**Student:** 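Just dropping this structure here.
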Amino acid sequence: MLNKKIEDICNRQIEREAFSSNLYLAMAVWSETNGYAGVAGWLYAQAEEEKLHMLKFIKYINERGGKSVIPAIKKPVSTFKSVEDLFNEVLKHEEFVTASINEIVALTLTEKDFNTHNFLQWFVMEQVEEEASVKNILDKVRLVGKNNMYQFDRDIMGLRAPATGTPTAQ
Ligand SMILES: [Fe+2]
Ligand SMILES: [Fe+2]
């Protein structure tokens with residue numbers, strides 16, 4: 001059975017994963033309507049992954065005797081100065097999510113909730129991969145510069161790591 005503190009912080013994470021999904025959808029829309037179909041494809045796929053992260057928390061909370069709360073989601077930003085600006089925002093957001101996951105991990109230790117601690121290890125690894133993958137994309141964006149966004153947009157899907165793990169119920 002989950003204690004209330006752990007249940008609440010996991011519910012907070014449901015909102016954050018849901019927001020991530022919507023943020024990447026908003027970014028996909030900006031990309032698609034500004035001629036970057038490849039970037040949009042990457043972001044739509046990313047939005048789907050974030051939805052799976054949210055589901056993973058929903059199912060975990062329910063399975064451990066808690067109750068998931070489906071939250072209202074604040075409206076994400078929808079305009080960006082450039083593709084580089086957009087991916088800087090993605091990186092900032094992923095760093096925020098990493099800090100958020102680490103905060104839950106720390107709480108599971110003080111609350112001695114080793115089941116949730118174990119559940120979170122998948123997310124710890126996932127965040128390492130997410131940050132590395134976005135940094136890799138930013139390196140490429142800077143390398144091609146503003147003049148060759150066509151090539152970058154064509155190649156970006158090749159930079160996607162396959163989704164790790166199957167986010168099903170534990
Ligand atoms: Fe996520
Ligand atoms: Fe993410």
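These numbers come from a predicted model, not from an experiment.
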**Student:** Are Phe96 and Leu120 connected into the same hydrophobic cluster when the rule is that any two of I, L, V, M, F, W, Y join if their side-chain heavy atoms are below 4.5 Å apart?
**Tutor:**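 Yes, one cluster joins them.
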**Student:** If we only count heavy atoms from C-beta on, is the Val124 to Ile101 side-chain gap below 4.5 Å?
**Tutor:** yes
**Student:** Between CD1 of Ile61 and NZ of Lys59, what distance do you get to the nearest 0.5 Å?
**Tutor:** 12.5 Å
**Student:** According to the side chain to side chain donor-acceptor pair (under 3.5 Å) rule, which pairs have a member within residues 79-88, sequence neighbours left out?
**Tutor:** Glu84-Arg142, Asn88-Arg142
**Student:** Which residues, ordered by chain and number, are linked to Val128 in its hydrophobic cluster, where ILVMFWY side chains connect at heavy-atom gaps below 4.5 Å, directly or through other members?
**Tutor:** none
**Student:** Is Met125 reachable from Leu55 through a run of hydrophobic residues whose side-chain heavy atoms are each under 4.5 Å from the next?
**Tutor:** no
**Student:** Same cluster or not: Val97 versus Val134, using hydrophobic residues (I, L, V, M, F, W, Y) connected whenever any side-chain heavy atoms lie under 4.5 Å apart?
**Tutor:**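 Different hydrophobic clusters.
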**Student:** Nearest 0.5 angstrom please: Ile70 CD1 to Ile14 CD1, how far?
**Tutor:** 5.5 Å
**Student:** Can you tell me which residue pairs pass the side chain to side chain donor-acceptor pair (under 3.5 Å) test with a partner in residues 91-102, sequence neighbours excluded?
**Tutor:**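 Only Gln13-Ser100, Arg16-Ser100, Ser20-His93, Tyr24-Glu94, Glu89-Lys92, Glu94-Gln127, Thr98-Gln127, Thr98-Glu131 qualify under side chain to side chain donor-acceptor pair (under 3.5 Å).
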**Student:** Roughly how far, to the nearest 0.5 Å, is the NZ atom of Lys51 from the CG atom of Leu25?
**Tutor:** 10.0 Å
**Student:** Please determine if Lys74 forms a cation-pi arrangement with Phe19, meaning its NZ or CZ atom is less than 6.0 Å from the six-membered ring centre and no more than 45° off the ring axis.
**Tutor:** yes
**Student:** What pairs with Ala18 under side chain to side chain contact (heavy atoms under 4.5 Å, CB included), at least two apart in sequence or on another chain?
**Tutor:** Met54, Ile73
**Student:** Tell me, do Leu86 and Val90 make a side-chain contact under 4.5 Å, heavy atoms counted?
**Tutor:**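 Result yes, sub-4.5 Å side-chain heavy-atom pair found.
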**Student:** Return each pair, listed once, that meets side chain to side chain donor-acceptor pair (under 3.5 Å) where at least one residue sits in residues 26-36; pairs must be two or more places apart or across chains.
**Tutor:** Glu32-Tyr44
**Student:** Mind checking side chain to side chain donor-acceptor pair (under 3.5 Å) for Thr108 and listing every partner two or more places apart, or none if nothing turns up?
**Tutor:** His117
**Student:** Test of understanding: clusters of I, L, V, M, F, W, Y form through side-chain heavy atoms closer than 4.5 Å, transitively. Do Leu2 and Val105 belong to the same one?
**Tutor:** yes
**Student:** For a quick test of reading the model, state the closest non-hydrogen atom pair linking Ser133 to Trp42 and the distance between them.
**Tutor:**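 The pair with the smallest heavy-atom distance is OG-CZ2, 4.0 Å.
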**Student:** Is the shortest heavy-atom distance from the side chain of Phe123 to the side chain of Ile104 under 4.5 Å?
**Tutor:** no
**Student:** Rounded at 0.5 Å granularity, tell me how far NZ in Lys56 sits from CD in Glu17.
**Tutor:** 11.0 Å
**Student:** How many angstroms lie between atom CG of Asn11 and atom CZ of Phe57, to the nearest 0.5 angstrom?
**Tutor:**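 Going from the CG atom of Asn11 to the CZ atom of Phe57 covers 10.0 Å.
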**Student:** Are the side chain of Ser78 and the backbone of Ala26 linked by a donor-acceptor contact shorter than 3.5 Å?
**Tutor:** no
**Student:** Just checking, any donor-acceptor pair under 3.5 angstrom between side chains of Tyr60 and Ser68?
**Tutor:** no
**Student:** Got Phe87 and Val39 here, is their nearest side-chain heavy-atom distance under 4.5 Å?
**Tutor:**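 Yes, close enough: below the 4.5 Å cut-off.
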**Student:** Is there a path of hydrophobic side-chain contacts, each under 4.5 Å between heavy atoms of I, L, V, M, F, W or Y residues, that connects Val29 with Leu43?
**Tutor:** no
**Student:** Considering all heavy atoms of both residues, which atom of Arg64 and which atom of Asn115 are nearest to each other, and what is their separation?
**Tutor:**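 Looking at all heavy atoms of both residues, the closest pair is NH2-ND2, 3.2 Å.
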**Student:** Could you work out, with side chain to side chain donor-acceptor pair (under 3.5 Å) as the rule, every residue matching Glu50, not counting sequence neighbours?
**Tutor:** His53
**Student:** Just so I know, are the side chains of Met149 and Val144 near enough to count as touching, which here means a heavy-atom distance under 4.5 Å?
**Tutor:**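 Answer yes - side chains close enough.
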**Student:** Which residues pass the side chain to side chain donor-acceptor pair (under 3.5 Å) test with Lys4, sequence neighbours left out?
**Tutor:**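 Side chain to side chain donor-acceptor pair (under 3.5 Å) check on Lys4 returns Asp8.
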**Student:** Quick one: list whatever passes side chain to side chain donor-acceptor pair (under 3.5 Å) with Glu48, sequence neighbours left out.
**Tutor:**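 So Glu48 forms no side chain to side chain donor-acceptor pair (under 3.5 Å) with any residue.
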**Student:** Pairs in or reaching into residues 150-161: which pass side chain to side chain donor-acceptor pair (under 3.5 Å), with residues at least two apart or in two chains?
**Tutor:**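 Qualifying pairs, neighbours excluded: Gln46-Arg160, Glu49-Arg160, Asn148-Gln151.
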**Student:** For Val77, which residues count as a side chain to side chain contact (heavy atoms under 4.5 Å, CB included) partner, sequence neighbours excluded?
**Tutor:**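 Leu23, Phe80.
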**Student:** Does any pair with a residue in residues 102-124 pass salt bridge (Lys or Arg N to Asp or Glu O under 4.0 Å), and if so which ones, sequence neighbours excluded?
**Tutor:** Lys5-Glu111, Arg12-Glu103
